[in-house]
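Have a look at the structure below, then the notes.
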Amino acid sequence: MLKYVAAAACAVALVACGGGPKTTTVAVAPQPDYKLTTTATGTGNIAEAGDTIVFNYVGYLYDATKADGKGAKVESSVDRNQPFSGTVGVGALKDNGVVMTGWDQALLGMQAGGKRTAVLPANLAYGVYALDAQAAVNGNTYAAIPANSPLVFDFEMLSVTKKVTIPSVPPPTVTTITDVTVGTGTVVTAGSKVNVRYTGWLYDGTRANFKGTQFDSNATSTTYLQVTVGTGVIAGFSTGLTGMQVGGKRTVIIPPDQGYGATAQTTSNGTIPANSTLVFDIEVISFQ
């Protein structure tokens, strides 16, 4: 369990004999400097921000009287036989619900098989939080961690999986049309009045279909969008409709200058930021 202890908590009491205010302060232990020592160099992928890592650790209270700084043991993934996994370098490594900033610093640059020892001042470990002693594991006992405790951790990197980076495709500079289904009958031209189903997304260049966050749709509604081509809708939407026939379906990518430009929009299902490239699926249902 975590118990929050303020670094400078104050208690004020008024007593009948005129004692006045009383102030109690939680003492802050002297803090060592951050220190990182590599005891074994690993091989393979180097841990960088955003990578997924699996590692073992053993933590100790810092003891300035010891040559290695290791006092009483406070926790161990080795004793539990439960390696820790997470994303390194982005503030996602948490222990007992606390973001372990010092872990991020110490683990970056490690490789599988590598070992490091890190001395962490309290602000890089649990800070003002105090932890009760953990239950014994396989005969190993652990000390409690007082608030503002500097700690020492031994780390062993077990694996490093590189983050997946999908190259982003830049958006087109002109309205781009892809026919999904070709309709039949009369062709939509400027001035045509048509009933339309549509769904709109923000452009996402990292996706195969470029469809990011959906911001609007009437695809499941019984009410169609009534459009007079060339008026009342953004220019790129009219461009996308032109040449379609009833039953036809298209995907249309619309650059900002054919969309809403530098003006942000609020829709029924979200927000369109300024200068957004848009992706629409359009279906012509009928002529009015």
Side-chain angles (χ1 to χ4, degrees), residues 48-52 87-92 104 161-288:
E48 298 175 306
D51 292 344
T52 300
T87 304
V88 69
V90 294
D104 268 338
T161 303
K162 302 303 292 182
K163 65 180 178 181
V164 177
T165 301
I166 301 173
S168 180
V169 178
T173 57
V174 297
T175 296
T176 301
I177 295 170
T178 302
D179 279 305
V180 178
T181 302
V182 177
T184 59
T186 305
V187 174
V188 175
T189 61
S192 294
K193 296 182 178 181
V194 291
N195 295 314
V196 175
R197 285 194 186 281
Y198 70 93
T199 301
W201 297 268
L202 299 179
Y203 179 90
D204 184 345
T206 67
R207 300 193 179 202
N209 61 6
F210 306 120
K211 296 173 181 177
T213 302
Q214 182 179 312
F215 59 81
D216 200 6
S217 178
N218 75 342
T220 60
S221 173
T222 58
T223 302
Y224 304 131
L225 176 67
Q226 297 181 328
V227 178
T228 300
V229 178
T231 62
V233 292
I234 56 176
F237 201 89
S238 286
T239 299
L241 282 168
T242 302
M244 294 187 73
Q245 298 165 278
V246 172
K249 297 180 180 180
R250 281 179 173 176
T251 297
V252 183
I253 301 177
I254 303 173
D257 64 346
Q258 295 292 300
Y260 296 104
T263 304
Q265 303 289 321
T266 299
T267 72
S268 60
N269 194 37
T271 300
I272 302 174
N275 300 308
S276 290
T277 297
L278 311 176
V279 181
F280 281 96
D281 280 350
I282 302 173
E283 179 183 3
V284 174
I285 304 301
S286 62
F287 280 78
Q288 297 174 29

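In what follows, every heavy atom counts, from backbone to side chain, and hydrogens, waters and symmetry copies are set aside.
How far NZ of K249 is from OG1 of T178: 15.0 Å, rounded to the nearest 0.5 Å. Between the CG atom in N209 and the CG atom in D204 there is a gap of 8.5 Å [rounded to 0.5 Å]. Atom OG1 of residue T181 and atom CD of residue Q245 lie 12.0 Å apart, to the nearest 0.5 angstrom.
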### Message
Pair T271, F215 - check side chain to side chain contact (heavy atoms under 4.5 Å, CB included), show working.
### Response
CA-CA 6 Å; T271 300; F215 59 81; over 6 Å; no

### Task
Mind running side chain to side chain contact (heavy atoms under 4.5 Å, CB included) on V233 and Y198 for me, showing each step along the way?
CA-CA 13 Å; V233 292; Y198 70 93; over 6 Å; no

### Query
Run the side chain to side chain contact (heavy atoms under 4.5 Å, CB included) check on Y260 and I234 step by step: do they pass?
CA-CA 7 Å; Y260 296 104; I234 56 176; 3.5 Å; yes

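Here the closest non-hydrogen pair linking P172 and T176 is CB-OG1, 3.5 Å. Heavy atoms only, all atoms of each residue included: Q214 and S217 are closest at NE2-CB, 3.5 Å. For the residue pair N275 and P256, the shortest heavy atom distance occurs at O-CG, 3.5 Å. Counting all heavy atoms, side chain and backbone alike, A49 lies closest to G89 at CB-O, 3.9 Å.
For D104 (side chain) and G91 (main-chain N/O), a donor-acceptor pair under 3.5 Å exists by modelled atom type. The backbone N or O of Y224 lies less than 3.5 Å from no partner atom in the side chain of R197, so there is not a single donor-acceptor pair. Between the side chain of S238 and the backbone N or O of G230 there is at least one donor-acceptor pair closer than 3.5 Å.
Within 6.0 Å of NZ on K162 lie more than 12 heavy atoms contributed by other residues, nucleotides or ligands.
Between F210 and Y203, the angle of the ring planes stays under 30°, which puts this pair in the parallel group of the 30/60° scheme.
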Contacts under 3.5 angstrom, residues 276-288 side chains, donor-acceptor by atom type, not counting sequence neighbours:
| residue | atom | partner | partner atom | Å |
| --- | --- | --- | --- | --- |
| S276 | OG | P273 | O | 2.6 |
| D281 | OD1 | K211 | NZ | 3.3 |
| D281 | OD1 | T251 | OG1 | 2.7 |
| D281 | OD2 | K211 | NZ | 2.7 |
| S286 | OG | N195 | ND2 | 2.8 |
| Q288 | NE2 | V194 | O | 3.1 |

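We find that D179 and R250 are joined by a salt bridge, their nearest charged nitrogen and carboxylate oxygen being less than 4.0 Å apart.
Annotation: side chain of T175 is in contact with side chain of P255 (closest heavy-atom distance under 4.5 Å).
Results of the side chain to side chain contact (heavy atoms under 4.5 Å, CB included) test with V229 over T239, V196, L241 single out L241 as the only residue that passes.
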